[in-house]
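Remarks on the structure that follows.
The structure displayed is predicted, hence computed values, not measured ones. These numbers come from the heavy atoms of this one structure, side chains and all, not from hydrogens, waters or symmetry mates. Residue numbers start at 1 and run along the sequence shown. Each ligand, and each atom within it, is numbered from 1 in the order the structure gives.
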Amino acid sequence: MPVCGRFAPSPSGRMHLGNLLCALIAWLSVRSQNGKMILRQEDLDAMRCPLSYAELIEEDLRWFGLDWDEGGLEGRGPHAPYLQSRRSELYHFYLEQLDKKGLLYPCFCSRAQLHAASAPHLEDGQVLYDGRCRRLTPAQVAQKRQTRSPAMRVRVPEETVAFTDLHYGRVEQNLATQCGDFILRRSDGVFAYQLAVTVDDGLMGVTQVVRGRDLLSSTPRQIWLLNQLGFPVPQYGHIPLLLDETGSRLSKRDLSLDLGELRTRFGRPEPILGKLAYAAGLLDRPEPASARELIPVFSWEKIPKTDLYCPKGLRME
Ligand code: GLU
């Protein structure tokens with residue numbers, strides 16, 4: 001079966017170099033196996049994700065030569081639409097399937113309650129939910145609904161999910177102690193990333209997910225949800241994060257590495273891609289290279305496991 005990969009950016013701002021690295025590796029991994037690439041825009045939180053950013057992301061990807069076979073705003077392909085904000089009915093349908101299995105419950109906890117000092121913290125900075133709304137009686141639920149609309153949480157079992165990451169190897173997570181019951185729909189009605197990404201990867205027939213290692217700890221719960229919904233589980237490959245010189249993760253706020261700025265400064269994609277590929281271990285020297293020229297040199301083994309420092313010469317001094 002041919003590989004089907006995807007790039008799934010959240011259009012909450014213009015892409016930066018870290019997003020480009022992720023798009024590049026996902027694309028190279030698929031193209032080096034003659035696979036198919038899907039572009040899906042994850043604009044669930046429509047207030048934070050105006051269409052203009054989604055358009056810019058597509059424009060930037062094209063400029064760098066990172067093409068796709070299916071998806072995008074134009075919605076080319078059998079699984080349209082490829083914009084999450086237009087896929088709510090599907091998320092609703094699958095949320096109901098989980099509800100029918102008795103896996104969901106409404107949660108009325110406020111942010112302050114969830115982040116109480118006593119709450120155990122998880123690896124990814126989230127807190128482990130103590131399950132207090134799991135125990136509400138139907139009468140208590142009805143009463144609380146009068147003053148507050150609830151989020152919907154999924155009840156996870158005492159189960160360890162394990163998988164072999166293409167890059168980081170075997171990963172294991174106990175859902176009850178290292179993840180906890182998690183939210184699938186927020187109290188304002190917005191579907192959660194965990195639900196949408198699972199439904200979309202499942203429906204779109206994605207067989208390979210490549211993304212930053214910050215999402216490594218989300219993968220076991222997505223695998224568990226895929227199993228619950230009867231979808232096949234793709235292969236996962238997480239990649240190191242790109243750090244600034246202080247060792248912090250690049251963010252969309254770091255404007256000097258925003259792709260608009262880089263494009264203006266360099267005028268063409270090759271010098272940027274070459275430096276990025278060098279930082280990712282794919283080239284021996286930071287020489288200019290097009291995306292296509294990087295396909296034959298790509299291999300997962302060359303990419304370090306440790307996080308990467310932003311390549312020299314890209315930052316505006
Ligand atoms: N939309 C997510 C992000 O931009 C990525 C989701 C994914 O690749 O699973 O962080």
Side-chain angles (χ1 to χ4, degrees), residues 3-30 35 37-51 53-54 56-58 60-61 66 68 70-73 79 81-87 91 124-126 163 165-168 171 173 179 182-184 186 190-226 229 231 233-242 249-254 257-259 307:
V3 172
C4 176
R6 73 349 177 240
F7 179 51
S10 299
S12 59
R14 188 139 191 188
M15 287 198 290
H16 60 61
L17 208 58
N19 306 122
L20 180 65
L21 174 70
C22 191
L24 177 66
I25 305 288
W27 186 87
L28 287 173
S29 181
V30 164
M37 191 69 182
I38 296 180
L39 172 64
R40 178 173 77 227
Q41 299 261 10
E42 303 208 325
D43 63 338
L44 280 175
D45 199 342
M47 300 286 280
R48 287 180 52 232
C49 299
L51 213 53
Y53 282 138
L56 265 179
I57 287 179
E58 298 201 355
D60 281 337
L61 290 172
L66 304 175
W68 56 94
E70 197 182 307
L73 292 174
H79 307 293
Y82 293 86
L83 211 56
Q84 287 191 330
S85 59
R86 305 207 181 134
R87 296 175 63 79
Y91 308 141
D124 57 6
Q126 303 284 345
F163 70 101
D165 187 80
L166 269 174
H167 195 48
Y168 289 103
V171 177
Q173 188 184 77
C179 170
F182 55 98
I183 290 187
L184 294 185
R186 294 185 345 199
V190 173
F191 290 100
Y193 157 71
Q194 306 291 356
L195 176 72
V197 78
T198 303
V199 168
D200 288 349
D201 286 340
L203 287 177
M204 293 178 182
V206 169
T207 64
Q208 186 178 98
V209 171
V210 175
R211 57 189 178 192
R213 68 150 186 85
D214 52 321
L215 288 168
L216 198 56
S217 62
S218 285
T219 304
R221 81 190 82 165
Q222 291 173 15
I223 291 176
W224 180 76
L225 279 179
L226 285 162
L229 293 172
F231 289 122
V233 175
Q235 198 176 32
Y236 291 90
H238 290 80
I239 62 165
L241 302 178
L242 209 52
R249 195 180 156 190
L250 293 188
S251 86
K252 285 189 176 159
R253 287 182 296 277
D254 191 344
L257 293 172
D258 154 299
L259 294 191
D307 286 342

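Cation-pi geometry between Arg221 and Phe182 is satisfied (NZ or CZ under 6.0 Å from the ring centre, within 45° of the ring normal).
For Arg40, the salt bridge (charged side-chain N to carboxylate O under 4.0 Å, His left out) partners at least two apart in sequence or on another chain are Glu42, Asp200, Asp201.
Side-chain contact, Tyr53 with Gln41: no donor N or O sits under 3.5 Å from an acceptor N or O.
When the options Ser10, Pro9, Cys49, Cys22 are ranked by their closest heavy atom to atom 10 (O) of ligand 1, first place goes to Ser10.
Residue-ligand proximity, Glu42 to ligand 1, at heavy-atom distances under 4.0 Å covers atoms 1 (N), 2 (C), 5 (C), 6 (C). Those atoms of ligand 1 with a heavy atom of Tyr193 less than 4.0 angstrom away are 6 (C), 7 (C), 9 (O). Atoms of ligand 1 found under 4.0 Å from any heavy atom of Val197, numbered from 1 in the order shown, are 9 (O). Remark: ligand 1 atoms within the under-4.0 Å shell around heavy atoms of Arg211 are 7 (C), 8 (O), 9 (O).
The distance criterion of under 3.5 Å between nitrogen or oxygen atoms is met by Ala8 with respect to ligand 1.
Under a 3.5 Å cut-off, the side chain of Gln208 and the backbone N or O of Gly237 do not form any donor-acceptor pair. Remark: the backbone N or O of Cys4 is paired with a side-chain donor or acceptor of Thr207 at under 3.5 angstrom. With Asp165 contributing its side chain and His238 its backbone, the two residues share a donor-acceptor pair below 3.5 Å.
Using a 4.0 Å cutoff on heavy atoms, Arg6 counts as a contact of ligand 1. Not a single heavy atom of Phe7 lies less than 4.0 angstrom from ligand 1.
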